[in-house]
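Here the structure comes first, spelled out in structure tokens, and everything after it is commentary.
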Amino acid sequence: QVQLVESGGGFVQNGGSLRLSCAVSGRTIRILNMGWFRQAPGKEREFVAAINWSGSNTYYADSVKARCTVSKDNTKNTVYLQMNSLKPEDTANYYCAADQPTRPGRVWHDRQDEYDYWGQGTQVTVSS
């Protein structure tokens with residue numbers, strides 16, 4: 001069992017920055033990837049970024065790769081999403097997720113159905 005708790009969301013102006021955090025606890029030993037997804041009202045949940053558990057590999061959606069950085073503090077089991085130059089279209093509820101595979105095969109870091117555990121989300125609102 002894995003528990004994920006996001007924090008760091010808030011209200012910022014266009015062009016502002018936020019740093020989201022995801023505290024990971026529980027049975028973390030076999031986690032492969034940690035992902036960030038977001039969902040705006042009336043929209044599908046979409047991939048934002050991901051990082052493998054060791055922190056050696058990162059992945060980004062094209063829409064955010066120039067403005068976001070995903071990182072991990074391995075001593076604290078905390079994953080971060082630094083978001084800069086925020087735009088109103090970044091407004092969404094942001095979720096962190098943990099991929100803990102139970103069988104071998106292709107790993108789709110950008111597919112939400114790949115992930116097994118989800119946090120409660122943290123709201124990011126960017127004003128014009």
Side-chain angles (χ1 to χ4, degrees):
Q1 187 176 5
V2 176
Q3 296 84 42
L4 309 174
V5 180
E6 301 101 330
S7 61
F11 187 92
V12 298
Q13 293 184 341
N14 187 27
S17 298
L18 283 174
R19 189 193 193 195
L20 308 183
S21 299
C22 177
V24 186
S25 61
R27 190 174 178 85
T28 64
I29 190 169
R30 290 183 176 87
I31 291 177
L32 179 60
N33 289 322
M34 295 294 301
W36 285 98
F37 293 77
R38 66 185 182 185
Q39 187 169 24
K43 304 295 183 181
E44 295 291 323
R45 187 171 298 182
E46 64 176 350
F47 170 75
V48 178
I51 186 169
N52 69 333
W53 189 247
S54 69
S56 60
N57 295 319
T58 58
Y59 315 90
Y60 299 95
D62 289 341
S63 60
V64 304
K65 62 182 179 182
R67 301 179 292 116
C68 295
T69 302
V70 63
S71 61
K72 183 174 182 290
D73 186 334
N74 293 328
T75 65
K76 297 181 179 180
N77 283 349
T78 301
V79 180
Y80 304 97
L81 181 66
Q82 177 70 44
M83 301 188 294
N84 303 317
S85 301
L86 285 165
K87 308 172 183 178
E89 51 262 44
D90 294 317
T91 295
N93 201 3
Y94 284 71
Y95 300 87
C96 67
D99 179 12
Q100 195 175 62
T102 58
R103 61 183 181 180
R106 173 73 182 270
V107 176
W108 299 89
H109 60 267
D110 57 349
R111 290 176 57 168
Q112 62 179 349
D113 58 3
E114 189 72 42
Y115 292 83
D116 305 288
Y117 299 95
W118 294 82
Q120 78 288 349
T122 185
Q123 180 67 36
V124 172
T125 302
V126 186
S127 63
S128 300

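In what follows, residues are counted from 1 in the order of the sequence shown. Being a predicted model, the structure only gives us computed values, none of them experimental.
- Checking side-chain atoms of R67 against main-chain N and O of S63 turns up a donor-acceptor pair under 3.5 Å.
- Remark: K72 NZ to T58 OG1 distance equals 13.5 Å, nearest 0.5 Å.
- Using a 4.5 Å heavy-atom threshold, the side chains of N84 and S17 count as touching.
- Residues Q1 and R27 form no side-chain contact, since every pair of their non-hydrogen atoms from C-beta on lies 4.5 Å or further apart.
- Residue Y94 shares its hydrophobic cluster (ILVMFWY side chains chained together at separations under 4.5 Å) with V2, L4, V12, L18, L20, V24, I31, M34, W36, V48, I51, W53, Y60, V64, V70, V79, L81, M83, L86, Y117, V124, V126.
- For E44, the CD atom sits in a loose shell: 12 or fewer heavy atoms of surrounding residues, nucleotides or ligands are nearer than 6.0 Å.
- Closest of all the heavy-atom pairs between S127 and F11 is CB-CZ, 3.5 Å.
- No hydrogens or angles considered: nothing links the side chains of N14 and S128 as a donor-acceptor pair under 3.5 Å.
- Remark: the backbone N or O of T122 is not paired with any side-chain donor or acceptor of E6 at under 3.5 angstrom.
- Looking at E114, its side chain does come within 3.5 Å of a backbone N or O of W108 through a donor-acceptor pair.
- The closest donor-acceptor contact from the side chain of D73 to the backbone of T78 lies at 3.5 Å or more, if one exists at all.
- For the pair Q82 (side chain) and R19 (backbone), a donor-acceptor distance under 3.5 Å is absent.
- Annotation for Q112 and W118: closest pair O-CZ2, 3.4 Å, computed over non-hydrogen atoms.
- Remark: the backbone N or O of S25 is not paired with any side-chain donor or acceptor of T28 at under 3.5 angstrom.
- For D110 (side chain) and F47 (main-chain N/O), no donor-acceptor pair under 3.5 Å exists by modelled atom type.
- In terms of the ring pair (Phe, Tyr, Trp, His ring centres under 6.0 Å) criterion, residue partners of Y115 (sequence neighbours excluded) are, by chain and number, F37.
- Nearest heavy atom pair, residue T91 against residue Q123, reads CG2-NE2, 4.0 Å.
- Using a 4.5 Å heavy-atom cutoff, the side chains of R38 and D90 are in contact.
- Closest approach of A92 and A40 over heavy atoms only: CB-N, 3.8 Å.
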